[in-house]
*Asks:* 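Starting off with a structure, shown below.
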Amino acid sequence: MTWADMDPATHPFDPGRVLAVVREVVSSSDPATGRPRGLVSSHSVALGLAERYGPWAFGWYGNVDQDPYAGALIRKPLCGTADDLDAQVQKYTGILLEWRSWLEELASVFAESAPAPDVDADADADADVGEEERRRSRERGVAPVVALVVERTGAGELWRAACARTLTWYLESTGMSSEDAEELADDVVDGEFESWVAPDAEAVEKARDAIGKHDA
């Protein structure tokens, strides 16, 4: 999924109604089994939430782990028993709200490092000026984005996957194509960062330089 799928600015959300919506989804019939989604699987619930809210509401799936050292973006203990629908409603409501909060936090960080408001006008007058500003904005965003992911994941075992995806979304937000953004983010994370290790200033600077020099 791309940042366009996740961006809170284009996907309205009313947190005041989320509990009711999640309750409806958890209790709704799974298409394959006819059983309540909450009694079938997290995947079924995630699909149901995406049907109600859009693709961003599926994004938490695969990013939740109750192990505090896993390096997942969301660390939630499982609550209740598998056949307790009320417990399932509470669990998925908490997860969805935390995921939405994460996306809104990302959007704020992305905006802080975005190209200057007049970059498009500059680009019309001089393509080189516009492209240089986009490169600078990409460089500006690397350190705060990586720091945010490290803080959220604790730089655990799986943190690099979360970092690569978040950097991909950031690069997409600056106008880079999804394919180029994913390839560049994966290359940078694989080349500069390690599992179980929070990157030091030197590693972040190398990542910043690699992203800034892309297509330079």
Side-chain angles (χ1 to χ4, degrees), residues 1-111 145 147-170 172-173 178 195:
M1 289 179 284
T2 68
W3 179 242
D5 296 321
M6 300 291 112
D7 190 354
T10 54
H11 296 89
F13 175 68
D14 180 3
R17 295 199 65 251
V18 64
L19 183 64
V21 172
V22 173
R23 189 177 301 279
E24 291 176 9
V25 170
V26 166
S27 302
S28 65
S29 296
D30 174 72
T33 67
R35 300 176 63 214
R37 288 180 183 271
L39 302 185
V40 175
S41 67
S42 293
H43 184 262
S44 180
V45 172
L47 288 174
L49 290 172
E51 290 172 2
R52 295 297 299 272
Y53 284 118
W56 72 267
F58 186 85
W60 58 266
Y61 183 72
N63 286 296
V64 182
D65 198 310
Q66 61 182 329
D67 183 346
Y69 305 107
L73 286 169
I74 299 176
R75 296 189 286 273
K76 286 286 185 187
L78 298 177
C79 58
T81 59
D83 59 353
D84 185 342
L85 280 181
D86 285 339
Q88 298 297 322
V89 169
Q90 295 298 323
K91 178 181 72 173
Y92 290 118
T93 297
I95 287 173
L96 187 63
L97 286 172
E98 189 167 341
W99 179 248
R100 179 69 182 200
S101 175
W102 170 245
L103 295 177
E104 291 174 354
E105 191 170 10
L106 289 184
S108 177
V109 171
F110 292 178
V145 166
L148 195 62
V149 175
V150 169
E151 179 184 5
R152 186 64 170 249
T153 63
E157 182 180 9
L158 306 176
W159 87 276
R160 295 196 310 154
C163 188
R165 173 52 58 192
T166 306
L167 281 173
T168 297
W169 287 343
Y170 173 64
E172 289 173 350
S173 78
S178 298
S195 296

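Predicted model, so just to flag it, every value in this text is computed and none were measured. Note that the numbering runs from 1 along the sequence shown for the chain.
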*Asks:* Does S101 have any side-chain hydrogen bond (donor to acceptor under 3.5 Å, both in side chains) partners at least two apart in sequence or in another chain, and if so, which?
*Replies:* none
*Asks:* According to side-chain hydrogen bond (donor to acceptor under 3.5 Å, both in side chains), who are the partners of R100, at least two apart in sequence or on a separate chain?
*Replies:* E104
*Asks:* Between Q90 and L19, is there a side-chain heavy-atom distance shorter than 4.5 Å?
*Replies:* yes
*Asks:* I need the full list of side chain to side chain donor-acceptor pair (under 3.5 Å) pairs touching residues 5-22, with sequence neighbours left out, sorted by first then second residue.
*Replies:* T2-D5
*Asks:* Taking only residues two or more places apart in sequence or in another chain, which ones pass side-chain contact (heavy atoms from CB on, under 4.5 Å) with S173?
*Replies:* W3, F110, Y170
*Asks:* Before you tell me yes or no, could you show the steps for I74 and W102 under side chain to side chain contact (heavy atoms under 4.5 Å, CB included), namely the whole-Å CA-CA distance, both residues' side-chain angles and the distance that decides it to 0.1 Å?
*Replies:* CA-CA 9 Å; I74 299 176; W102 170 245; over 6 Å; no
*Asks:* Apply side-chain contact (heavy atoms from CB on, under 4.5 Å) to A155 and list each qualifying residue two or more places apart in sequence or on a separate chain.
*Replies:* V150, W159, A198
*Asks:* So, using side-chain hydrogen bond (donor to acceptor under 3.5 Å, both in side chains) as the criterion, who are the partners of T33 when residues are at least two apart?
*Replies:* D30
*Asks:* When rounded to the nearest 0.5 angstrom, what is the spacing between CG in L73 and CD1 in I95?
*Replies:* 12.5 Å
*Asks:* Heavy atoms only: give me the nearest G34-S29 pair and the separation to one decimal.
*Replies:* O-OG, 3.7 Å
*Asks:* Distance from L85 atom CG to R23 atom CZ, nearest 0.5 Å?
*Replies:* 9.0 Å
*Asks:* Does P68 have any side-chain contact (heavy atoms from CB on, under 4.5 Å) partners at least two apart in sequence or in another chain, and if so, which?
*Replies:* R75
*Asks:* Can you confirm whether W169 sits close enough to L106 that some side-chain heavy atom of one is under 4.5 Å from a side-chain heavy atom of the other?
*Replies:* yes
*Asks:* Would you mind listing every salt bridge (Lys or Arg N to Asp or Glu O under 4.0 Å) that reaches into residues 31-48, with sequence neighbours excluded?
*Replies:* R37-E51
*Asks:* How about L158 and T153: do any of their side-chain heavy atoms sit closer than 4.5 Å?
*Replies:* no
*Asks:* For V109, enumerate each residue passing the side-chain contact (heavy atoms from CB on, under 4.5 Å) test, keeping only those at least two apart in sequence or located in another chain.
*Replies:* P144, V145, L148
*Asks:* One pair to check against side chain to side chain contact (heavy atoms under 4.5 Å, CB included): L49 and W60. What are the steps and the verdict?
*Replies:* CA-CA 11 Å; L49 290 172; W60 58 266; 3.9 Å; yes
*Asks:* Work out which heavy atom in E172 is nearest to a heavy atom in S178; give both atom names and the distance.
*Replies:* OE2-OG, 3.2 Å
*Asks:* Mind telling me whether F13 and Y53 have parallel, tilted or perpendicular rings, with 30° and 60° as the class edges?
*Replies:* perpendicular
*Asks:* Tell me which pairs pass ring pair (Phe, Tyr, Trp, His ring centres under 6.0 Å) where either residue lies in residues 23-48, with sequence neighbours left out.
*Replies:* H43-F58, H43-Y61
*Asks:* Taking only residues two or more places apart in sequence or in another chain, which ones pass side-chain hydrogen bond (donor to acceptor under 3.5 Å, both in side chains) with E24?
*Replies:* R52
*Asks:* Write down the atom of P55, the atom of M1, and the distance for their closest heavy-atom approach.
*Replies:* O-SD, 3.4 Å
*Asks:* If you define the side chain from C-beta out and look only at heavy atoms, does anything of W99 sit under 4.5 Å from M6?
*Replies:* yes
*Asks:* How many angstroms lie between CG in L47 and OG in S28, if you round to the nearest 0.5 Å?
*Replies:* 10.5 Å
